[in-house]
Protein chains: 2
Amino acid sequence: MIKNNGRSRVTVGDVAKQAGVSTATVSRVLNKTNNVSPKTVARVQKAIDELGYVLDTAAQALSSSSNRTGNIGIIMPVINNSFLSTLLEGVNQYANTCSYNLLTFATIGQASIQDGVPLPLNENNTDGLIIFADKIDDKTLTHLYQRQFPVVLLYRLPPQGLDIPSVLIENKNGTRTLIEHLIKNCGHRRIAFMAGPAGNYDSYWREQGYCEALTACDIPIDSQLMGVGAFHDWRAKEQIEEWLEKGLDIDAIFAGDDTAAMAAIIALQQAGKRVPEDIAVVGFNNDIISKYFNPPLTTVHVPTEEIGRTAVKQLFHLINGEQTEALTPFNTELVVRQSCGCHLVNNPRWHPN
Amino acid sequence: MIKNNGRSRVTVGDVAKQAGVSTATVSRVLNKTNNVSPKTVARVQKAIDELGYVLDTAAQALSSSSNRTGNIGIIMPVINNSFLSTLLEGVNQYANTCSYNLLTFATIGQASIQDGVPLPLNENNTDGLIIFADKIDDKTLTHLYQRQFPVVLLYRLPPQGLDIPSVLIENKNGTRTLIEHLIKNCGHRRIAFMAGPAGNYDSYWREQGYCEALTACDIPIDSQLMGVGAFHDWRAKEQIEEWLEKGLDIDAIFAGDDTAAMAAIIALQQAGKRVPEDIAVVGFNNDIISKYFNPPLTTVHVPTEEIGRTAVKQLFHLINGEQTEALTPFNTELVVRQSCGCHLVNNPRWHPN
DNA sequence: TTGTACGCGTTATCAA
DNA sequence: TTGATAACGCGTACAA
């Protein structure tokens, strides 16, 4: 109703009439096909300008089979997160460098192709998709794959049998190093863990690293100390409050990522706890602000912007029909600052619990 | 080339054949028109499932004139910025609450309808657009307006004569209050200002507030103290380095926004300056992290998430053909923390310059 | 309740 | 170098 109420749409036909040529010629001018005389080009461009003609992307997508939209898309979980911002920055910059636009779709719940309903970002408005995390189910990936639509996976592996390029980080060893630092250098033993969102790939492997580290140090795994932070500030806050309420004995918390770690510290401080004197908190990702947080965060560095760029690069390979890497893993590195409390060891004011 | 190489696309026709009905019936099922028997619905849905049919949004957009995509779009400057994240969060959550998806397009340069080239987000993939800041020129807005496409402006006013709803904040008085705090309560007089990006609406009015405050306090305006931070970390860092190099006498810096303020503080600290002891820095926006920055930032609070929600609300009014507010202005509030240095006044260790 | 047939705006094929 | 015309996949009169 709304869309076509106003001045009716200007089409190639209108432009053609105005310029005294055929629609085919207008199309040729629009697509910069060379077989058209400069004089005609000028006439058509004048008509385009006078009429305020704008190409209809839907009609274009429908008509041509080999067609470039000039856009790539990324589908990701909610966006209000320093880590995701950094990732997006890397993706967007590299895409722009290559003369592509980035379209972003952040979905809170599951995004899936079901009952014939397409994704909001698809082959009609993008030339390829970067799919982040777990928001897209296997059925959807399979559909995309079968249609040979360019897709790169970020922070997750493809479903069995689909060779979709995948860019991810090494979580397990990074986490193990982090937890062992907590145990060996900071003197913590009651270490709690906040998982990411359910089914999250990174979270799974961080949990493995956490368990391995404890086991290697002969510390029993206590399920009471395993909660959920969901890489999310509110959820992390809730988890802290639950633990506080239960009055559990906790030396340190690995919050799963920096977002949750900062939220956890804030919640702890609001409850009158000192970090790291009363309880240590560490994160994962090394967000830009983590260094300037108070206290500065001990965390695991991840080259997030580079990961974003790499994903885009792989996607362009796919779009251009070039060779791709099936798997591009990135290593991580421990960053020791103050929130783990190791600088307090041998300090008389320091007391565990 | 790529798009149609694989298994050829499944269409309504295929589904119709498989289900033994006509394309019209399939379409009716897809669009949940009621005039179709339950038995047929089931048959069609089975066929959709078996064939893995997915609706072609381009064809759909092209075909019907009154058509809902279920998406709204937002066009904004680059994304890696705590303030924008917060805004997006508000927008995305409210959109999702109303069963809409949010599509985001972040453009570094100018995005314009020119030479018949459409915006990547347009009437074919969205039902309406929130346009942020200065990235879209008047010609493009006029085109959208004439076509009666739902558009809400964020942080900017519409071009003369177009009554496009606009959601913005009160910049001038907020800034004046901030600067007068710097002068009257913190004892600063040599106060530098970092402008936002060229042509930015908010920056313009913050500059007005800055000048008004100085003038009201009989402090001359020194063009040497007026630089550019562009609401951007790198640019702010560069500006600090320029000022440092010139060896200017500066008591305090109003960085334009919190992003620039934090970057400025980091640059200052790296140069061996203490904030606020050697030089004070204040921002604007009250980003979530500003409170936890070291030192905690004195800034001006802006209800960013609510602003995002309000813009979406206005857009939905437009989409639904309801009444809208031409202008929704939001007030701001001074938040005094430590980076302004007022807690140091009367402290013997404190010395200006 | 269901089917037929046309039109949406563009590109591409084929002739001129 | 140009023009006429047939697709592309879907919604929707209109007819049955």
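Computed over heavy atoms, backbone and side chain alike; hydrogens, waters and symmetry mates excluded. In the text below, chain A, chain B and the rest are named by the order of the sequence lines, each starting its count at 1.
Atom-to-atom, NZ of A/K39 to P of D/dT2 comes out at 9 Å; the value is rounded to the nearest Å. If you take CZ of A/R9 and P of C/dC8, they are 13 Å apart, rounded to a whole angstrom. In this structure, CZ of A/R43 is placed 12 Å from C1' of D/dT1, rounded to the nearest angstrom. Following rounding to the nearest Å, A/D14 (CG) and C/dT10 (P) show an atom-to-atom distance of 9 Å. Distance CG (A/D56) to P (C/dT10): 6 Å, rounded to an integer number of Å. When rounded to the nearest whole Å, the span between CD of B/E123 and C1' of C/dC8 equals 14 Å. For the pair A/N124 CG and C/dG9 C1', the computed distance is 14 Å after rounding to whole Å. As rounded to whole Å, 13 Å separates atom C1' of D/dC10 from atom CD1 of B/I48.
In terms of phosphate contacts, B/T40 brings a side-chain nitrogen or oxygen within less than 4.0 Å of OP1 or OP2 of C/dT2. OP1 or OP2 of D/dT1 has not a single side-chain nitrogen or oxygen of A/S37 nearer than 4.0 Å. Here A/T11 does not reach the OP1 or OP2 of C/dC8: none of its side-chain N or O atoms lies under 4.0 Å away.
One finds a salt bridge joining B/R156 and B/D138 here, because a Lys/Arg side-chain nitrogen approaches an Asp/Glu carboxylate oxygen to under 4.0 Å. Ion pairing between a basic and an acidic side chain is recognised when a charged N comes within 4.0 Å of a carboxylate O; A/D115 and B/K32 show no such pairing.
Taking CG of A/L154 as the reference point, atom CD1 of A/I74 lies at 6.0 Å (rounded to 0.5 Å). One finds the OG1 atom of B/T57 at 6.0 Å from the CG atom of A/N125 (value rounded to the nearest 0.5 Å).
Within the nucleic acid shown, B/V21 comes within 4.0 Å of sugar-phosphate atoms alone, with no base atom in reach, counting heavy atoms only. Heavy atoms of B/N35 sit under 4.0 angstrom from at least one base atom.
Annotation: cation-pi geometry satisfied between A/R68 and A/Y100 (NZ/CZ under 6.0 angstrom from ring centroid, within 45° of ring axis).
Overall bending of the helix from C/dT1-D/dA16 to C/dA16-D/dT1, expressed as the angle between end axes built from five pairs apiece, is 30° (10° steps).
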Under 3.5 Å, which N/O atoms of the protein pair with N/O atoms of nucleotides 4-7 of chain C?
from	atom 1	to	atom 2	distance (Å)
C/dG7	N2	B/S63	OG	3.2

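Closest to the side chain of A/Y53, out of C/dT10, D/dT2, D/dT12, is C/dT10.
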Assess the residue pair B/I136 and B/L129 against the criterion (side chain to side chain contact (heavy atoms under 4.5 Å, CB included)); give the C-alpha distance rounded to whole Å, side-chain angles, the decisive distance to 0.1 Å, and a yes or no. CA-CA 12 Å; B/I136 305 284; B/L129 240 33; over 6 Å; no

May I have the step-by-step check of side chain to side chain contact (heavy atoms under 4.5 Å, CB included) for A/V21 and A/V26, ending in yes or no? CA-CA 7 Å; A/V21 297; A/V26 175; 3.9 Å; yes

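Ring orientation note: the planes of A/F132 and A/Y155 are tilted relative to one another, at an angle of 30° to 60°.
Within 6.0 Å of atom CD in A/Q323, 12 or fewer heavy atoms from other residues, nucleotides or ligands are found, so the atom counts as exposed in its surroundings.
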